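In the text below, chain A, chain B and the rest are named by the order of the sequence lines, each starting its count at 1. Quick caveat: nothing in here was measured; it's all calculated off a predicted structure.
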2 protein chains.
Amino acid sequence: MMNQVKENSKDKLIKTASRLFQLQGYHATGLNQITKESGAPKGSLYYHFPNGKEQLAIESVRLTANFVSEQIVEGLNKTQDPAKAIQNLIEDMAKQFQREARKGGIPIASVALETALISEPLREVCQSAYANFQALFTQKLVQAGFEESRAKDMGVVINSMIEGAFLISFTTGNVEPLLLVAKQIPVVLK
Amino acid sequence: MMNQVKENSKDKLIKTASRLFQLQGYHATGLNQITKESGAPKGSLYYHFPNGKEQLAIESVRLTANFVSEQIVEGLNKTQDPAKAIQNLIEDMAKQFQREARKGGIPIASVALETALISEPLREVCQSAYANFQALFTQKLVQAGFEESRAKDMGVVINSMIEGAFLISFTTGNVEPLLLVAKQIPVVLK
DNA sequence: GTCTATATACTGATAGAC
DNA sequence: GTCTATCAGTATATAGAC
């Protein structure tokens with residue numbers, strides 16, 4: 001019923017918008033560019049997203065967040081030991097980051113920074129994304145026997161370390177920060 | 001000679017631009033708003049910055065970076081032990097962040113994310129800013145007897161942790177990430 | 001649901017008088 | 001160095017035919 005063989009305009013718009021917001025940020029990405037690259041007509045955009053750019057961005061961030069969450073889950077499931085698992089996950093992210101040669105942007109950070117003060121709904125969906133990432137790390141730690149409260153704290157810390165390393169790696173065009181942060185994971189979890 | 005009692009248009013423009021770029025990001029900040037809030041005429045902007053917005057942003061990021069560097073230096077000088085010093089610095093930043101109630105933005109991150117792929121000179125000045133922050137942490141560690149190579153690595157890691165914690169704290173409107181990262185500094189430096 | 005044409009406002013940038 | 005007027009382009013958003 002809801003699974004269509006052919007991709008509809010709404011999905012095409014969200015997919016294209018997700019890519020462009022991630023690559024260029026919120027304000028640098030215009031609706032004209034999104035409709036043009038998605039192939040969907042502009043009238044269609046306001047039919048599917050009556051609240052315009054803000055609503056489209058909210059759904060785009062949700063899509064991006066789900067995609068990243070899946071990557072995290074898959075990565076963490078590869079290894080039982082949590083420290084090794086998280087370290088490997090970050091190193092895999094660094095490899096992918098290097099392969100793409102910085103042509104993909106950072107998943108959510110730019111939209112979060114640009115909109116946190118001007119759109120409460122957009123801020124909330126970015127906040128949810130980060131809360132979700134943290135929860136995945138925390139879950140992995142709890143399953144490995146970490147005490148609940150410490151696992152929660154370390155989820156926040158690990159998420160911060162990863163986001164910061166992404167920011168610096170992206171700005172400098174060098175994956176070193178990601179690799180160095182990965183190496184510190186076993187240290188902070190000891 | 002170069003120290004004028006009265007603030008000239010160029011300085012007013014850079015100061016205002018620094019504040020607005022930090023608060024709103026690069027693309028959301030228009031030249032009309034900068035000239036209006038600075039009190040400087042628009043014609044004056046292109047007289048002082050022939051390369052327009054990009055050049056103004058470069059000098060604004062430099063000003064912001066210098067200001068942050070001074071804050072870091074002052075903070076690190078308060079305490080001799082590097083772990084304690086860095087931890088206290090981050091906690092002070094968190095306090096200031098909370099006082100401002102998220103009304104100041106994050107110093108450089110938004111501009112860095114928005115421009116790294118579209119302006120090489122702007123990317124470079126953001127990169128320099130981060131390199132400078134890292135060097136200050138590294139210097140503190142070397143002075144305390146850390147081995148040079150490890151001190152460099154930890155400068156990068158600490159800078160990443162702080163930037164990431166700022167990003168998450170800003171997005172969520174909660175200083176917890178900054179405080180938790182501060183608490184981990186002695187752990188990673190042990 | 002799709003598509004085009006258009007409205008209004010604002011963007012970065014420039015010209016030229018003063 | 002200052003200031004105003006204005007350019008061409010693009011932004012988000014809407015109206016209305018199909």
Side-chain angles (χ1 to χ4, degrees), chain A residues 1-21 23-61 110-111 114-115 117-122, chain B residues 1-21 23-61 110-111 114-115 117-122:
Chain A
M1 292 153 60
M2 295 200 61
N3 289 322
Q4 308 182 8
V5 176
K6 194 174 172 300
E7 201 174 32
N8 60 23
S9 280
K10 185 167 185 177
D11 288 343
K12 281 195 297 185
L13 283 166
I14 296 179
K15 268 192 180 177
T16 305
S18 297
R19 178 173 55 81
L20 291 175
F21 283 138
L23 186 66
Q24 307 174 333
Y26 183 77
H27 288 99
T29 302
L31 299 183
N32 291 330
Q33 187 186 12
I34 294 173
T35 51
K36 192 177 167 187
E37 294 200 16
S38 74
K42 191 161 188 179
S44 193
L45 191 153
Y46 279 92
Y47 173 80
H48 292 294
F49 307 94
N51 277 20
K53 189 177 188 178
E54 185 183 51
Q55 186 184 356
L56 176 57
I58 288 171
E59 305 214 24
S60 300
V61 170
S110 189
V111 175
E114 287 181 80
T115 65
L117 296 180
I118 60 171
S119 164
E120 183 61 14
L122 256 174
Chain B
M1 292 157 62
M2 293 201 64
N3 288 324
Q4 308 181 9
V5 175
K6 194 173 173 301
E7 203 174 31
N8 60 23
S9 281
K10 186 168 184 177
D11 288 342
K12 282 196 295 185
L13 283 166
I14 296 179
K15 269 191 178 176
T16 305
S18 297
R19 178 173 55 82
L20 291 175
F21 283 138
L23 186 66
Q24 307 174 333
Y26 183 76
H27 288 100
T29 303
L31 299 183
N32 292 329
Q33 186 186 12
I34 294 173
T35 51
K36 192 175 166 188
E37 294 200 17
S38 75
K42 191 161 188 178
S44 193
L45 191 154
Y46 279 93
Y47 172 80
H48 292 295
F49 307 93
N51 277 20
K53 189 178 188 177
E54 185 183 51
Q55 186 184 356
L56 176 57
I58 289 171
E59 305 214 24
S60 300
V61 169
S110 189
V111 175
E114 287 182 81
T115 66
L117 296 179
I118 60 172
S119 164
E120 183 60 15
L122 257 174

- Query: If we ignore angles and hydrogens, is there a donor and acceptor under 3.5 Å between the side chains of A:Thr29 and A:Gln24?
  - Reply: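 Their side chains do contain a donor-acceptor pair, which is all the 3.5 Å distance test asks for.
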
- Side chains of A:Glu114 and A:Ser110: do they bring a donor and an acceptor to under 3.5 Å? yes

Give a yes/no on whether any side-chain N or O of [X] is located under 4.0 angstrom from OP1 or OP2 of [N].
X: A:Asn32; N: D:dA11; answer: yes
X: B:His48; N: D:dT2; answer: yes
X: A:Ser9; N: C:dT2; answer: yes

Starting at atom [atom1] of [X], determine the distance to atom [atom2] of [N], rounded to an integer number of angstrom.
X: A:Asn8; N: C:dT2; atom1: CG; atom2: C1'; result: 13 Å
X: B:Tyr47; N: C:dA17; atom1: OH; atom2: C1'; result: 16 Å
X: A:Leu45; N: D:dT12; atom1: CG; atom2: P; result: 10 Å
X: B:Leu31; N: C:dA9; atom1: CG; atom2: P; result: 21 Å
X: A:Lys42; N: C:dA5; atom1: NZ; atom2: C1'; result: 11 Å
X: B:Lys36; N: D:dT2; atom1: NZ; atom2: P; result: 20 Å
X: A:Phe49; N: D:dA13; atom1: CZ; atom2: P; result: 13 Å
X: A:Gln55; N: D:dT12; atom1: CD; atom2: P; result: 15 Å

- Could you grab the distance from atom CD1 of A:Ile34 to atom NZ of A:Lys12, nearest 0.5 Å is fine? 14.0 Å

- Query: In Å, rounded to the nearest 0.5 Å, how long is the span from OH of A:Tyr26 to CD of A:Glu54?
  - Reply: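 The distance works out to 6.0 Å.
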
Taking the side chain of [X] as its heavy atoms from C-beta onward, which of [options] lies nearest to it?
X: B:Ser44; options: C:dT4, D:dT2, C:dG12; answer: D:dT2
X: B:Tyr46; options: D:dA13, C:dG12, C:dT2; answer: C:dG12
X: A:Pro41; options: C:dT4, D:dC3, C:dG12; answer: C:dT4

- Message: Does B:Lys53 qualify as a cation-pi partner of B:Phe21, given the criterion of NZ or CZ under 6.0 Å from the six-membered ring centre and within 45 degrees of its axis?
- Response: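 No, a cation-pi geometry is absent between B:Lys53 and B:Phe21.
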
- Which part of the nucleic acid does A:Gly43 contact within heavy-atom distance under 4.0 Å: base, sugar-phosphate only, or nothing? base

- Task: May I ask you to say what B:Thr29 touches in the nucleic acid, namely base, sugar-phosphate or nothing, with a heavy-atom cut-off under 4.0 Å?
- Result: sugar-phosphate

